[in-house]
Structures are given as structure tokens and as C-alpha cells.
Amino acid sequence: MRSLRTKMMMIMVLLILALMTVVGSFLINGVGNYYIEEFYVQMEQTFSQDFIAQLQELAALPADGPAEMKQLLMSQSDLGIDLTRRNVYILDARGQVLDSSNQADSVSVTTNILEAMNGQVGQRGSIASSIMDLAVPIDGGSSRYIVYVLDNKDTVNALTSQLFSIILQSLVLGLVICVVLAFLLSQILITPIRALTAGTRQVAAGEFAQALAVTSRDEIGMLTRNFNHMSQVLQNTISQVENERNKLSTLFLHMTDGVVAFGPTGQVIHHNPAASRMLSRNLTAEDSFDEIFGQEASFSKLLDLKRSEYLEGQKRVGDRELELFMAPFSADKTGGGVMVVIHDVTEQRKSEQTRREFVANVSHELRTPLTNVKSYAETLLDAGDDLPPELKKNFLGVIVSEADRMTRIVKDLLTLTKFDYGKMEMNLTRFPFSKAVENVYQAVALDAKNHRHTLTLTCPDGLPDIHGDRERIEQVIMNIVSNAIKYTADGGQIDITAGTKGDKVFVNVSDNGIGIPEKDLPRLFERFYRVDKARSRESGGTGLGLSIAKEILNQHQGDIQIESVYGEGTSVTITLPAVRDET
């Protein structure tokens, strides 16, 4: 977009151009018309009645009439015959040249000549025509002639060219003066405007302290004073608004509970980020109470409550459980509104559910062995010495086995409790990872052989050491391998593979056992969770092994991944950070 200075210069230039064009056109047309009028005035003065009578007398001469007429015309100073620009011709009645002042043999037939042929004086002139001419019919009795005076307008053209040159020079000078004046004028106007522009940028950027200097008392000066006043008022207003906004922002942003305020019409007027997060939606002024909480309460009924009263409600959003506390408040003089405080009780409900499930699971896990112990003990007590020694020994073995099972459950529970409260002590040392894997392999080799399993170990030399509790790490690997042996039908294949992945070491245990259904995979690390509860109890499992393994690996910044296809087998991979020797 062109600047103001450029626009002013263009306007001034166009003004000068228009002015000089109009003046030049009037001058050139005026000069042309003046010469045409002057020409016909001269002709009128020369061709008086007496002079025409003289020409008629000469035209009546039998022989030299045309030549005498030419001489008479040449002697008239008013005609201005100079053989260069103005000439006289003696024509016959048909327009043929009989004699002329420039010895021309012919002349173009003009409108005026045609008028003279018809017996009228031809004296029409036009500024657009390239000539000025006059044709006068002369009646010589038996002979008729036409006196024709022709001017080629060289004088007019020369004067017009000179006048055009003067106008052009004046135009150039006027343009120079116009540009200079336009520049000075625009500078006078633009300087305060630029100051105002810079001031508006500062105000837009939030800088209100600097006032603009008032350099004049004209309209621009008044505009500058008004701008300074506006800036001050705006600064005060924004400061007040900023203070209020900071109060609300501090209150809302640092609240863990969600807060949503609705105006008299039920539209959202305030909310904090916690509310948007809990409700899983971006709240805007377009949202209404009915859209968000319409199923939990009626907005009109809330407005009718006394200011000290409130309603409680429950709302579920996705996986979140929310408690709602809704109360009316006075929004302004025209009406009230409703404030809703949202409390997320999801974790609380989950904790309660987890505690209930945990108590139920522990009770169930302990009840079974306790029932067995009680049953066998009562049988031994009732039978007394009547029970065969061999059967008594078997009963006592069952009691001891069930007691050991309860001991394992309690021990595992204590272990998990220590992890939960961060009280599990770790004996952290640096040890060879390959040795830990080999120890587990050797420990389970006999058990695998008893089940006719093919147990293989692939452990390359030079595996990096790891830093951790060796006993706990071997416990995790043992748990995984033991599960593979338990849940693989006799005569199965179990492969233990160790190796490195980047800066980590891993051990993978794969089997072709019964596998795990896909729906159970996400819950394998839950406490007391079993895929096949009956079979797990038969094999002595407590449902806590994988949970303990997960906690131990978390303490070592490790990871465990389980992949399985039901009916085909399971693959478990344990990953731990390796210790790199500094070089």
C-alpha cells in the first residue's frame, strides 16, 4: 500500500497535470481561434464592395483579366501575400487555376471553393483544419472567376508549438515545485502520525507509561492529547482487570478440584483446567449447564435454593468417578448463577475396591489351607489310635504342606507390603548376569527332567555384569522358569536364552505349554490373579509371583514382557540395564 507521502505527491502531480492541461488547451485553442478570426477579419476588410467592383472591372477585360486581378490582389497589403504562407489564386468557374501568386497549376477543391462555385462567398474556417482559406466569386459579365486566398497556418502552428513548449517547461517547473511542496507538507503531517503509529504499537504491546509529545494545537495535536488520555485510561482499566484475573487464575489454577460457574442463563462463565480435565472436554462459553450436568440436577431448581443450601451428585465420565457439589450464587444485580465443585474420587474408589478385593483374595487364599488343616486335624483327633499309622502320616503331611503354603502366602504378602512402603532392603552388588542365569538353569534342571521336559540354555560368553540384588534377580528368573515347567505338559520344550540389547541384558524363557488367553495377558501382574485358578492351587501357586517379580524389576529399572498364544506356548523376556566398564 502506498504511503501518505506518496499519495500526497501523486495528488499534487495530478493536480498540476490537470491544471496545465486545461490551461494549455484553452491557450492553444484561443490562439488558433484568434488567428482564424483575424484572418477572416482581414479578408472582410480587404474585400469591400469597392474592391470587389474593381475586380469585376478587371475580370471584364477580354485578355489579361486574371493576371490583372492577381496584380491587384498582390498590391493589397491587408491580404499579407508573401508566397510562403499565404497565396492568392485566380480560378475559373470550374475551379481550375488560371493564375496564382506562387505559379501553382492546381489547388485542392475545398468547401469554400464549392461555395464560391455556387455564387456564394466561401469563408468557413475551423481550428481543426490545416488551412485558412477564402473563396470570393467575381462576375465579369461574360466571364466568371473565383478569387481564392489560401493560408497554410504556418504562423499559427509555429506559435502553437512555441506556446506548447512554454507550457511544457512550466509544467516541469510546476511539477518540481509541487513535489517539493508535497514532500514538505507530507513531512509536516506524517511526523506526528508516525509518532501516533509508534504509540499505538506500544499500547498494543502493553506499554502505557510513555506519553506522546503534543507539538501543535491543530486537529493532530488534539488527536495526540486524546490518545494520551485514552492510553492512561486503558492502562488503569487493564490493571484493574489484570488484578481480578490474577485472583481468579490463582484460585482456579491451583485447585485440585474442578470448578465451573454458570451464569443466569445457564452458560459457562468461568472454569478451571481441573474441571476440563475431569469432564474430558474443552469448556467454552457456548456450553450450558443442561449439556454438562443436566442428568444430575435441574438448573432452575438450583437457582431456587437458598444461598446456604447445596445439592450433591454423582457423575461418571469415562473411567472417572466424580462427586458434584452444586450451589447457587449471586452473579450480579440482574440474576444469579450456579457454582459446581467437582471432586475426582476415582482413585479413592479404586483403592477401596482394591482393598476389598485384596481382603477377599487373602481371605480366600488362607481359608482353603486353613480348612484343610482343620479337617485333617479333626479327623486325627476324632480317630485317635484307630487311624492306621500310614494314613496318619499322610494326614500330618497334608497339614504340614498346607501350613507351608500359608507361610508362603504370608511371606509374599510381607514382601509386597515392603515394596509398597519402600522398606524392602536390597543387597546391591555387581555380579555376572550369565552366572545368575546358569544358577537358575542348574537349579531347575532336575525338576524339568522329572517332567521329561527338554530344557536348553543359550548364554553367550562375555555378557556384561549387572548391578543389583543377585538373590532377588535369581528369584525372578526362577519364578518365570518354574511357571514354564508347571504349565507345560510333560515332555515339553523349554528354552532359556540370554543376550544383550544395546546397553541392556536380557533373558528369555520360551515354552510350548498351555499358553495364556489373550484376555488375561493385561491382568497377569495383578495380585492374586490366576489364569487357571484350580490348576494354580494344585501346583502350589499363590498368584503373587509375577507381582513380586514386577516389583523387583522396577526396583532395578528393569522390565518384563509376556507374549503368549493360547494352546501354543508362552515367551517371557526380562530386561535389565547392564554395567559398562569405563575405558
Do [X] and [Y] have side-chain atoms, one donor and one acceptor, less than 3.5 Å apart?
| X | Y | result |
| --- | --- | --- |
| D559 | T575 | no |
| S571 | N508 | yes |
| T429 | N427 | no |
| N512 | Q493 | no |

Spell out, as yes or no, whether a donor-acceptor pair under 3.5 Å connects the side chain of [X] to the backbone of [Y].
| X | Y | answer |
| --- | --- | --- |
| H453 | I485 | yes |
| N554 | K550 | yes |
| S564 | I516 | yes |
| H271 | N282 | no |

First locate atom [atom1] of [X], then atom [atom2] of [Y], and finally report the distance between them rounded to the nearest 0.5 Å.
| X | Y | atom1 | atom2 | result |
| --- | --- | --- | --- | --- |
| N483 | T570 | CG | OG1 | 9.5 Å |
| I494 | H451 | CD1 | NE2 | 9.0 Å |
| T454 | D511 | OG1 | CG | 12.5 Å |
| F506 | L463 | CZ | CG | 8.5 Å |
| R320 | R277 | CZ | CZ | 6.5 Å |
| R452 | D490 | CZ | CG | 4.5 Å |

Is the shortest side-chain heavy-atom distance between [X] and [Y] below 4.5 Å?
| X | Y | value |
| --- | --- | --- |
| D465 | F433 | no |
| F293 | L324 | yes |
| T456 | I496 | no |
| H556 | I473 | yes |
| I342 | L279 | yes |
| T488 | I514 | no |
| V509 | T497 | no |
| N439 | I477 | no |

Answer yes or no: are there more than 12 heavy-atom neighbours, outside [X] itself, under 6.0 Å from its atom [atom1]?
| X | atom1 | result |
| --- | --- | --- |
| F431 | CZ | yes |
| E471 | CD | no |
| N450 | CG | yes |
| E309 | CD | yes |

Kindly give the heavy-atom pair with the smallest separation between [X] and [Y], and that separation in Å.
| X | Y | answer |
| --- | --- | --- |
| V259 | N272 | N-OD1, 2.9 Å |
| E286 | Q267 | O-NE2, 3.2 Å |
| D257 | A274 | O-CB, 3.7 Å |
| A498 | P460 | O-CD, 3.2 Å |
| I399 | A377 | CD1-N, 3.9 Å |
| A436 | E474 | CA-OE2, 3.6 Å |

Q: Look at the aromatic rings of F289 and F299 and report parallel, tilted or perpendicular, splitting at 30° and 60°.
A: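 Answer is tilted, since the angle falls between 30° and 60°.
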
Q: Apply side chain to side chain contact (heavy atoms under 4.5 Å, CB included) to the pair T573 and I560, showing each step before the final yes or no.
A: CA-CA 6 Å; T573 303; I560 181 171; over 6 Å; no

Q: Just do the side chain to side chain contact (heavy atoms under 4.5 Å, CB included) check on M478 and V444 with the steps written out, would you?
A: CA-CA 8 Å; M478 178 70 74; V444 301; 3.2 Å; yes

Q: Name all residues meeting the salt bridge (charged side-chain N to carboxylate O under 4.0 Å, His left out) criterion together with E296; count only those two or more places apart in sequence or in a different chain, and write none if there are none.
A: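 Here the qualifying residues are K315.
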
(Q) Looking at R281 and D287, is there a salt bridge between them, counting it only when a charged N and a carboxylate O are closer than 4.0 Å? (A)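 R281 and D287: salt-bridged.
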
Q: Please report the C-alpha distance between F262 and I292 in whole Å, then the side-chain angles of each, then the deciding distance to 0.1 Å, and finally whether the side chain to side chain contact (heavy atoms under 4.5 Å, CB included) criterion is met.
A: CA-CA 11 Å; F262 298 90; I292 304 173; 4.2 Å; yes

Q | Sequence-distant partners of E323, side chain to side chain contact (heavy atoms under 4.5 Å, CB included), two or more places apart | A |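 E323 satisfies side chain to side chain contact (heavy atoms under 4.5 Å, CB included) with Q314, F325, H343, V345, R349 once adjacent residues are dropped.
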
